[in-house]
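Computed from heavy atoms alone, side chains included, the values below leave out hydrogens, waters and symmetry copies. Below, chain A is the first sequence line, B the second, and so on; all start at residue 1.
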Number of protein chains: 2
Amino acid sequence: MKPISLKQLAQALNLSSATVSRALNDSHEVSAETKGRVLALARELNYEPHPFASSLRRQKSKTIGVILPEVANNFFSLAIDGIEEIARLNNYHVLVYLTHDDHSREVDIVQHLAGGRADGILLSVASETNQFTHLDLLAERGIPTVFFDRVRAGSAAATVTTDDHRGGYKATQHLLQAGCRHIAYLLVSNNLSIGQKRMQGYQHAMQEAGLEYSPHLVVQGQRDKAENVALIRQLLEEHPEVDGIFASVESLALSAYEACHEVGRRIPEDVKVVGFSNMAAAALLEPGLTTITQPAYEMGREAAKILFKAITKNKPVLPAQSLELESELVVRRSTEAARLKP
Amino acid sequence: MKPISLKQLAQALNLSSATVSRALNDSHEVSAETKGRVLALARELNYEPHPFASSLRRQKSKTIGVILPEVANNFFSLAIDGIEEIARLNNYHVLVYLTHDDHSREVDIVQHLAGGRADGILLSVASETNQFTHLDLLAERGIPTVFFDRVRAGSAAATVTTDDHRGGYKATQHLLQAGCRHIAYLLVSNNLSIGQKRMQGYQHAMQEAGLEYSPHLVVQGQRDKAENVALIRQLLEEHPEVDGIFASVESLALSAYEACHEVGRRIPEDVKVVGFSNMAAAALLEPGLTTITQPAYEMGREAAKILFKAITKNKPVLPAQSLELESELVVRRSTEAARLKP
DNA sequence: CTGTTAGCGCGTTCAG
DNA sequence: CTGAACGCGCTAACAG
């Protein structure tokens with residue numbers, strides 16, 4: 001059975017569809033009585049205005065698009081949670097797309113969304129992305145866009161990130177304090193500001209400790225997980241002196257654990273690992289496993305708030321609205337307290 | 001700058017909009033030459049057909065709705081991943097909604113989606129849900145719906161689940177073999193088949209071992225996490241003999257870890273814990289922590305496949321299409337192999 | 001092969 | 001306060 005239409009509702013009430021439409025939209029220019037009759041029958045018949053007809057007329061999709069590299073990862077899952085919450089408060093719908101770090105896919109999605117399916121976009125760019133012309137289209141069309149976490153380096157748009165430089169610094173410092181002298185860095189992508197900034201923090205801490213930064217100890221992450229494990233494994237074999245690893249994203253941290261396991265290097269006795277990560281199970285990590293945790297849920301919420309401010313007020317998002325939240329170094333919880341804020 | 005419309009494209013080409021529409025939809029009844037001209041200009045101008053206008057006319061939203069209790073949880077994240085992949089292959093879009101186990105929210109979402117925003121629905125019901133009248137609307141409207149994981153007990157629709165009875169049995173058996181004699185059960189909800197079936201598996205294993213099933217050792221999970229921790233804590237304090245815990249969902253497993261920690265009971269020395277869970281970090285669990293892992297990604301894929309079969313062939317989903325996949329008992333990976341398939 | 005017409009279901013004129 | 005007419009952008013039916 002097809003859903004009932006405005007017209008049918010109007011006929012059943014002996015009213016014109018215009019009046020019914022007005023009543024349902026709570027217009028001032030309709031009598032309280034008719035309003036009551038309309039609403040009563042609408043409720044009874046489970047009437048829902050057809051969303052696409054309405055969108056077409058109003059030129060509002062009531063939908064935002066969320067584009068993520070992946071979701072099988074606690075950071076982005078928590079972010080979605082925050083985004084969905086804010087969207088719901090604004091009576092908006094959330095379309096989710098995954099790029100799997102594939103640039104061409106990102107371009108496709110953006111182009112499609114720019115065609116009217118979404119009123120705004122939240123984007124965490126694919127690590128493969130190094131061209132950004134597809135984003136110009138969004139600017140031209142005036143579609144508000146907020147970047148979060150994985151941001152175009154040097155972008156002129158609003159962004160929500162964490163204190164990436166500081167996070168990299170804190171993580172490295174933690175390893176140094178634990179006695180590591182040869183710390184490898186697992187880089188996500190040089191196109192991304194998170195890649196650059198976290199690495200700068202790492203270099204900063206290394207220099208401060210009077211240690212030399214060695215490009216041989218940097219592994220550039222790929223899209224394929226097995227490949228990453230192999231690369232890290234190779235690093236560990238060629239550089240047995242490595243006693244610490246800093247992973248700039250969760251997936252690389254997991255690859256590092258795996259690689260260590262494969263070559264029989266114990267964590268944390270032989271190698272200490274710190275990674276950016278939002279594992280729900282962070283509290284359960286083995287002794288010595290430590291994470292830099294981002295406030296993913298809040299980041300999702302804040303990014304969405306900025307976006308909706310632009311959508312509802314019909315103003316562009318300004319770079320000045322950008323936010324930088326604080327990351328936290330989480331050491332395995334044992335009998336004593338867990339969170340160290342240096 | 002507003003996106004260009006079909007009409008404008010037609011004018012620029014001195015063609016009628018009908019012809020242009022046909023050309024873009026690769027109709028047989030249009031000359032190869034015109035087709036070429038149209039496609040060339042369309043590409044140049046970045047033309048995208050307005051999705052809602054098209055949907056309105058074709059009565060197809062090209063969108064599916066995915067309704068989940070939560071997403072900050074590896075199981076549902078992985079499921080979304082699988083769902084999105086199949087949707088993309090079908091050129092469909094994915095709307096994500098979270099109920100946070102709130103029944104009224106589930107009803108709202110379903111009613112709205114039934115109004116034409118989605119061609120089909122994938123649903124994992126809220127644990128609070130015990131009335132299912134809102135689902136009748138979907139049946140009336142002929143909107144294909146596939147349930148996964150959290151299924152309406154005794155539903156007549158297609159479902160994708162894991163071998164919940166067997167999973168509960170395996171988990172409990174594992175605890176028994178490890179020497180546990182007083183095993184508590186953390187129940188998610190009696191409205192859900194996963195709650196019932198997993199508990200049956202638990203009871204089955206207990207009986208087989210000649211142990212008595214005690215309702216005092218069953219904790220009924222609530223929506224609030226802190227409350228769950230408190231309840232489990234109370235259990236542990238009132239029943240110091242408890243030496244094993246079986247958690248029927250991930251969130252309860254995490255609450256159990258926390259509660260044990262709070263009352264100073266060590267895992268696994270004092271209490272062994274097994275939970276249904278899809279933690280990416282499962283490989284990193286502490287010794288003695290064991291999980292029952294569901295093939296979440298595959299479940300998402302399979303559920304979506306069933307749904308799209310119905311959508312594209314315009315046939316209803318049949319209960320006979322239901323699938324039951326196999327869960328896996330994953331013991332902490334150490335130097336030896338990890339996966340035990342009994 | 002192409003153009004004309006009509007209508008998907010709404011919301012918004014403009015009259016009365 | 002209410003109704004008739006129009007159009008959002010697209011596709012399907014009917015002509016030619």
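B:Ser31 comes within 4.0 angstrom of the backbone, heavy atoms only, and of no base. Note on B:Lys2: only backbone sugar-phosphate atoms sit closer than 4.0 angstrom, heavy atoms only; bases stay farther off. Among the atoms of the strands shown, only primed sugar atoms or phosphate atoms (P, OP1, OP2) are found under 4.0 Å from some heavy atom of B:Thr34. Backbone-only engagement by A:Leu6 is indicated by non-hydrogen atom pairs under 4.0 Å involving sugar-phosphate atoms exclusively. Contact annotation for A:Ser17: no contact, since no heavy-atom pair falls under 4.0 Å across all strands.
The distance between atom CD of A:Gln59 and atom C1' of C:dG9, rounded to the nearest whole Å, is 15 Å.
No more than 12 heavy atoms of other residues, nucleotides or ligands shown are found within 6.0 angstrom of NZ on B:Lys7. Counting heavy-atom neighbours within 6.0 Å of B:Gln59 CD, excluding the residue itself, gives a total above 12.
Across the interface with DNA chain C, nearest-nucleotide mapping of B:His28 and B:Arg58 shows B:His28 to be the residue nearer the 5′ end.
Closest to the side chain of A:Ser16, from the set D:dC8, D:dA4, C:dC1, is D:dA4. The listed nucleotides are D:dG9, D:dT2, C:dT2; the one nearest the side chain of B:Leu56 is D:dG9.
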Scan the side chains in residues 132-144 of chain B for donor-acceptor partners under 3.5 Å anywhere in the protein, sequence neighbours excluded, and list what turns up.
unit_1, atom_1, unit_2, atom_2, d
B:His134, NE2, B:Glu106, OE2, 3.0
B:Arg141, NH1, B:Ala114, O, 3.1

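Listed in residue order, the members of residues 108-121 of chain A having a heavy atom less than 4.0 Å from DNA chain D come to none.
For C:dG9, the base has no donor-acceptor partner in the side chain of B:Arg57 [N/O atoms by modelled type, under 3.5 angstrom].
Within the structure, a side-chain polar atom (N or O) of B:Ser21 is placed less than 4.0 Å from OP1 or OP2 of D:dT11.
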